[in-house]
Trainee: 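Pasting in a structure now, in structure tokens, and then I'll have a few things to ask.
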Protein chains: 2
Amino acid sequence: MANQFGSKIKELRETNGLLQRQVASQLEIDTPMLSKIERGERKAKKEQVLQFAKLYKADNNELLTLWLADQIYDVIKDEDVASKAMDVAQEELKIKSKRTKKK
Amino acid sequence: MANQFGSKIKELRETNGLLQRQVASQLEIDTPMLSKIERGERKAKKEQVLQFAKLYKADNNELLTLWLADQIYDVIKDEDVASKAMDVAQEELKIKSKRTKKK
DNA sequence: CTTATATTTGTCAATATTTGACAAGTCAAT
DNA sequence: ATTGACTTGTCAAATATTGACAAATATAAG
């Protein structure tokens, strides 16, 4: 059930010597919610990822990467063709990123 | 808007000389829905992917791969760390697949 | 141009999923 | 047994997804 992002922010919280209560109030969520995010039972919003980074003095991109990786993993975890699909998606990403970022 | 899976099944439908109407009725959906799936506006269910493969005499895994790749792409498309996250997810997949498939 | 058929677009309500909040639970230390 | 930190379970509200339909736009044929 645990995921990479959750484990990371739990670890960061502990090395920063903070309680769930303290962090939760900063993010304006309750402690059960934070507990669930840390254990991978709920997923954080992108905005919250940035708040975690700031609060724990961690690198934005590092946390965003773990957070996004968990979401990818969620999509593929039960699929036989997961690995092949990743390759195809990566290829698609490469191709589309040529045409500069839209939207 | 178009995606890989949609383009593929549209192509397959045409090489098989079938109309949306005919395919849709087999899948028990209406033609607007099929149209949307082909253009990537809606995503097919996994079950439908298998029906497409059967109907078009195509390879299950090939279609499933494109279908899954589109879903991965959807998750990462607007993210700066997309590529790094893919690497991390792939790594996670490798690690977890050692412990034989659960669920 | 008019009709006929194929596909696409737009909208909407029904359904499903996700979210946030709360009460109550466990666990560890005192 | 009380306190503090965290976890679990449940629920309704908010959001998102789905399927169905009517209407619009092609495309092709006469």
Side-chain angles (χ1 to χ4, degrees), chain A residues 1-52 55-56 63-64 66-79 103, chain B residues 1-52 55-56 64 67-79 103:
Chain A
M1 171 104 255
N3 60 14
Q4 304 211 50
F5 177 74
S7 305
K8 184 53 152 186
I9 59 169
K10 176 164 191 183
E11 178 194 315
L12 283 169
R13 178 172 60 80
E14 286 166 349
T15 61
N16 279 273
L18 296 167
L19 298 175
Q20 285 187 348
R21 172 164 48 80
Q22 304 174 299
V23 173
S25 85
Q26 289 292 317
L27 306 209
E28 307 195 56
I29 58 178
D30 63 5
T31 52
M33 187 66 65
L34 178 54
S35 169
K36 283 165 189 171
I37 292 172
E38 286 186 352
R39 286 174 299 106
E41 190 183 322
R42 294 285 178 97
K43 73 177 197 189
K45 295 180 186 172
K46 185 172 182 176
E47 183 204 346
Q48 294 171 329
V49 177
L50 303 175
Q51 292 180 289
F52 280 121
L55 212 54
Y56 297 152
L63 291 191
L64 282 170
L66 292 178
W67 170 78
L68 189 57
D70 285 342
Q71 292 183 62
I72 296 169
Y73 182 74
D74 237 38
V75 170
I76 64 176
K77 59 173 178 292
D78 295 325
E79 299 292 341
K103 166 78 211 187
Chain B
M1 171 103 254
N3 60 15
Q4 304 210 54
F5 176 73
S7 305
K8 184 52 150 189
I9 59 169
K10 176 165 188 178
E11 179 194 316
L12 283 170
R13 180 173 59 79
E14 286 166 348
T15 61
N16 280 273
L18 295 168
L19 299 174
Q20 285 186 348
R21 172 164 46 81
Q22 303 175 299
V23 173
S25 84
Q26 289 291 318
L27 307 208
E28 306 196 56
I29 57 178
D30 63 5
T31 53
M33 187 66 68
L34 178 55
S35 168
K36 284 163 188 172
I37 292 172
E38 286 186 351
R39 287 173 300 106
E41 192 183 322
R42 294 283 179 99
K43 72 176 200 189
K45 296 178 187 175
K46 185 171 182 178
E47 184 203 344
Q48 294 170 329
V49 177
L50 302 176
Q51 291 180 291
F52 280 121
L55 212 55
Y56 297 152
L64 283 170
W67 170 79
L68 190 56
D70 285 343
Q71 292 183 61
I72 296 169
Y73 183 74
D74 238 37
V75 169
I76 64 176
K77 60 172 178 291
D78 295 325
E79 300 291 342
K103 163 76 213 197

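So you know, we letter chains A, B, ... as the sequences are listed, proteins then strands, and number each from 1.
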Trainee: Are any non-hydrogen side-chain atoms of A:Ile29 and A:Ile37 less than 4.5 angstrom apart?
Mentor: yes

Trainee: Give, for atom CD1 of A:Ile9 and atom CG of A:Asn16, the distance between the pair rounded to the nearest 0.5 Å.
Mentor: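 The CG atom of A:Asn16 is 12.0 Å from CD1 of A:Ile9, to the nearest 0.5 Å.
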
Trainee: Is there side-chain contact between B:Leu55 and B:Leu27, with at least one heavy-atom pair below 4.5 Å?
Mentor: yes

Trainee: Where the side chain of A:Arg42 meets the backbone of A:Lys36, is there a donor-acceptor pair that is under 3.5 Å apart?
Mentor: no

Trainee: Dot-bracket, DNA chain C: Watson-Crick or G-U, under 3.5 angstrom, [ ] crossing, | other strand?
Mentor: ||||||||||||||||||||||||||||||

Trainee: B:Lys43: which residues meet the salt bridge (charged side-chain N to carboxylate O under 4.0 Å, His left out) condition with it, sequence neighbours left out?
Mentor: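 Partners of B:Lys43 by the salt bridge (charged side-chain N to carboxylate O under 4.0 Å, His left out) criterion come out as none, since no residue qualifies.
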
Trainee: Distance check, rounded to the nearest 0.5 Å: A:Asp74 atom CG versus B:Gln71 atom CD?
Mentor: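 Between A:Asp74 CG and B:Gln71 CD, I get 11.5 Å after rounding to 0.5 Å.
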
Trainee: Any residue in residues 2-9 of chain B with a heavy atom nearer than 4.0 angstrom to DNA chain D? Just list them by number, or reply none.
Mentor: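 Heavy-atom contacts with DNA chain D come from no residue of residues 2-9 of chain B; none.
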
Trainee: Could you tell me which residues satisfy side-chain hydrogen bond (donor to acceptor under 3.5 Å, both in side chains) with A:Ser35, sequence neighbours excluded, listed by chain and number?
Mentor: A:Arg39

Trainee: Does anything in residues 12-32 of chain A come within less than 4.0 Å of DNA chain C? Heavy atoms only, and list the residues if so.
Mentor: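 Contacts with DNA chain C under 4.0 Å: A:Asp30, A:Pro32.
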
Trainee: Under the rule for side chain to side chain contact (heavy atoms under 4.5 Å, CB included), what residues qualify as partners of A:Asp70, not counting sequence neighbours?
Mentor: A:Asn3, A:Gln4, A:Phe5, B:Glu92

Trainee: What are the bounds, 5' to 3', of the part of DNA chain C that sits under 4.0 Å from heavy atoms of chain B?
Mentor: C:dA6 to C:dT11

Trainee: Taking side chain to side chain contact (heavy atoms under 4.5 Å, CB included) as the test, write out the residues that go with B:Lys46, two or more places apart.
Mentor: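 Expected list: A:Glu79, B:Leu64, B:Trp67.
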
Trainee: Per the side-chain hydrogen bond (donor to acceptor under 3.5 Å, both in side chains) rule, what does the pair list look like for residues 20-30 of chain B, sequence neighbours excluded?
Mentor: B:Gln20-B:Glu38

Trainee: Taking atom CD of B:Glu14 as the centre, does the number of heavy atoms from other residues, nucleotides or ligands within less than 6.0 Å exceed 12?
Mentor: yes

Trainee: Please examine the side chains of B:Phe52 and B:Leu12, heavy atoms only from C-beta on, and report whether any two atoms are closer than 4.5 Å.
Mentor: no

Trainee: Would you please name every residue forming a side-chain hydrogen bond (donor to acceptor under 3.5 Å, both in side chains) with B:Gln51, sequence neighbours left out?
Mentor: none

Trainee: Residues from residues 33-46 of chain B sitting under 4.0 Å of DNA chain C, heavy atoms only?
Mentor: B:Ser35, B:Lys36, B:Arg39

Trainee: Tell me, please, which residues at least two apart from A:Lys45 pass side-chain hydrogen bond (donor to acceptor under 3.5 Å, both in side chains).
Mentor: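 With sequence neighbours excluded, A:Lys45 shows a side-chain hydrogen bond (donor to acceptor under 3.5 Å, both in side chains) to no residue whatsoever.
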
Trainee: Given the rule in the side-chain contact (heavy atoms from CB on, under 4.5 Å) test, do B:Tyr56 and B:Leu18 qualify, once you have shown the distances and angles that lead to the verdict?
Mentor: CA-CA 9 Å; B:Tyr56 297 152; B:Leu18 295 168; 3.9 Å; yes

